[in-house]
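Okay, so here's the structure we're looking at.
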Amino acid sequence: MSENPYVRAAALSDLEEDTPKRVEIDGVPVSLVRTEGEVFAINDICSHANVSLSEGEVEDCAIECWLHGSSFDLRTGKPSGLPATRPVPVYPVKIEGDDVLVSVTQES
Ligand code: FES
């Protein structure tokens, strides 16, 4: 497949440190998180119930669901504690200049 799956999701300069930003990429809700010098892309819907993770807090390279407190690792999508037991998909990110590019067709 030669098609480039990466889509411009946001401007890097629009992302504030530790403040998630919700975007939609090809109909997929994604939370972009700039933290610890990197940008991560994680599906915006908690795996426990249908709530937006981008409304949660970021700490130690994880995003915490505001509803019941499960925390998801931004690198792997894995929850570190109950009540969520299933991971949330995470997606590969590339930075080109001020463009944040995300591929939602491949989970990383
Ligand atoms: S809805 Fe996210 S932990 Fe319950």
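Atoms considered below: every heavy atom in the structure, side chains included; atoms not considered: hydrogens, waters and symmetry mates. Throughout, numbering of the chain's residues begins at 1 and tracks the sequence. Atoms within a ligand are numbered from 1 in the order they appear, just like the ligands themselves.
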Least distance between heavy atoms, I63 atom then S31 atom = CD1-OG, 4.0 Å
Any side-chain heavy-atom pair from T76 and P87 closer than 4.5 angstrom?
-> no
Could you tell me whether the side chain of F40 reaches within less than 4.5 Å of the side chain of L32, counting heavy atoms only?
-> no
Connected to V51, directly or through other members, by ILVMFWY side-chain contacts below 4.5 Å are W66, L67
Kindly check if the number of other-residue, nucleotide or ligand heavy atoms within 6.0 Å of CD (E17) is above 12?
-> yes
May I ask you to decide whether K78 forms a salt bridge with D73, counting only side-chain N to carboxylate O separations under 4.0 Å?
-> no
Listing residue and atom name, which protein N/O/S atoms are closer to atom 4 (Fe) of ligand 1 than 2.8 Å?
-> H48 ND1, H68 ND1
